[in-house]
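Down below is the structure, laid out as structure tokens.
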Amino acid sequence: MVERALRQVPFFSGLTPAEARKMLSISAVRRYPAGQLIFAKEDIGDNFFVVKSGRVKIFTSVGPEKKKTFAYLKKGDLFGEMSLLGGKVRSASALAADDSELFVISKKNFRRFILENPDFTLKLLHTLADRLNKANKEIESMLFHNILGRLAGAIIELSKDKHSAPVKVTIDQNELAQYLGTTRVPVCRAINTLKRSGVIDYRRGELMILNGARLRSIAGVAD
Ligand code: CMP
């Protein structure tokens, strides 16, 4: 189990072998079927998680209608650290977007681990810095870009780890609207504009990037 996790989950290969082994020895594995809530915003934070397989959606909701997806996390991504480090309660909700397996570490073990394992702590800081950077870009995009630019930026973000040619992203219009923190109608209009100009194709929840350079230019992202 230890060797397989070290080989298969990129998160562990970024640690020293000794740290990875130590971390696995204090982890339990939990399985969540697609659609199951892992924890809700405002819950007391009690565990830290690393995605072993599947996909986890991090989101917030305001009232019954307004939802905003912050991120989709995949194999090797970590979450649940913020409430254990400071905030006490969960800053967002987490839900299994696909059938998922998670490594789970208790708050007590997590806090001890960050004090004793500097490579892990550096990796954690890296992740926090990346997320802050992404959040800053999103604030910029919300303030200064129209829906078309924001959709283009979201497509680029969602396709980051895809290596097929042409690049394909599986996501339905509701999920895209939640990712942008808006409703389906403006997203549908923006998709049609990108389709008409030959930048993307989108059919039955499958989005294909046809002109990456034009998409980056619409998103205001440097090549
Ligand atoms: P915590 O606040 O304990 O619970 C919710 C978790 O979602 C949080 O820790 C982070 O791990 C994660 N999270 C919060 N905001 C973001 C974001 N913008 N991008 C990715 N992950 C996030």
Side-chain angles (χ1 to χ4, degrees), residues 7-11 13-14 31-36 38 49-60 67-79 92-102 127 130-131 133-135 137-138 140-142 145-223:
R7 255 197 331 272
Q8 290 181 349
V9 183
F11 175 84
S13 54
R31 290 177 179 80
Y32 294 84
Q36 186 171 326
I38 300 162
F49 301 86
V50 178
V51 182
K52 180 170 186 275
S53 66
R55 225 165 36 111
V56 171
K57 178 165 100 166
I58 303 290
F59 68 100
T60 188
K67 286 206 164 69
K68 162 77 180 126
T69 301
F70 290 130
Y72 285 99
L73 306 181
K74 55 177 189 341
K75 182 159 97 173
D77 288 337
L78 58 88
F79 66 101
S93 302
L95 175 130
D98 298 331
D99 290 346
S100 303
E101 290 180 304
L102 306 178
T127 303
D130 282 350
R131 286 180 186 164
N133 198 6
K134 187 174 159 251
K137 285 200 178 116
E138 209 170 332
E140 188 182 297
S141 175
M142 286 169 88
H145 289 175
N146 59 19
I147 182 72
L148 202 62
R150 289 176 54 207
L151 174 64
I155 295 170
I156 292 167
E157 187 59 40
L158 288 165
S159 65
K160 250 183 186 163
D161 299 314
K162 314 269 182 214
H163 303 295
S164 61
V167 175
K168 286 184 190 156
V169 179
T170 306
I171 188 160
D172 68 32
Q173 287 190 14
N174 276 326
E175 290 290 343
L176 257 179
Q178 285 179 22
Y179 197 80
L180 290 166
T182 182
T183 51
R184 243 173 65 103
V185 174
V187 170
C188 183
R189 278 198 207 110
I191 287 174
N192 286 334
T193 305
L194 291 181
K195 271 174 80 172
R196 272 199 306 276
S197 46
V199 178
I200 61 163
D201 196 13
Y202 186 68
R203 282 157 215 259
R204 285 180 231 104
E206 181 109 331
L207 192 152
M208 198 188 295
I209 300 178
L210 303 177
N211 188 339
R214 181 88 186 99
L215 191 68
R216 282 190 290 282
S217 149
I218 293 169
V221 174
D223 257 325

Distance (rounded to the nearest 0.5 Å) between [X] [atom1] and [Y] [atom2]:
{"X": "Met208", "Y": "Ser159", "atom1": "CE", "atom2": "OG", "result": "13.0 Å"}
{"X": "Ile147", "Y": "Met142", "atom1": "CD1", "atom2": "CE", "result": "10.0 Å"}
{"X": "Ile155", "Y": "Ile171", "atom1": "CD1", "atom2": "CD1", "result": "9.5 Å"}
{"X": "Glu175", "Y": "Lys57", "atom1": "CD", "atom2": "NZ", "result": "4.0 Å"}
{"X": "Ile218", "Y": "Leu148", "atom1": "CD1", "atom2": "CG", "result": "5.5 Å"}
{"X": "Arg31", "Y": "Ser53", "atom1": "CZ", "atom2": "OG", "result": "8.0 Å"}

message: I'd like to know if the side chain of Lys68 reaches the main chain of Tyr179, judged simply by a donor and an acceptor atom lying under 3.5 Å from each other, with no hydrogens or angles considered.
response: yes
task: Might you point out which heavy atoms bring Gly35 and Leu95 nearest each other, and give the distance in Å?
output: O-CD1, 3.6 Å
query: Have Tyr202 and Gln173 got a donor and an acceptor in their side chains that come within less than 3.5 Å?
result: no
field: Residue pair Tyr72, Val56: steps toward the side-chain contact (heavy atoms from CB on, under 4.5 Å) verdict
entry: CA-CA 6 Å; Tyr72 285 99; Val56 171; over 6 Å; no
task: With side-chain contact (heavy atoms from CB on, under 4.5 Å) as the test, would you mind laying out the steps for Leu210 and Ile200 before giving the verdict?
output: CA-CA 5 Å; Leu210 303 177; Ile200 61 163; 5.5 Å; no
message: Please determine whether salt bridge (charged side-chain N to carboxylate O under 4.0 Å, His left out) holds for the pair Lys75 and Asp77, giving the CA-CA distance in whole Å, both sets of side-chain angles, and the decisive distance to 0.1 Å.
response: CA-CA 6 Å; Lys75 182 159 97 173; Asp77 288 337; over 6 Å; no
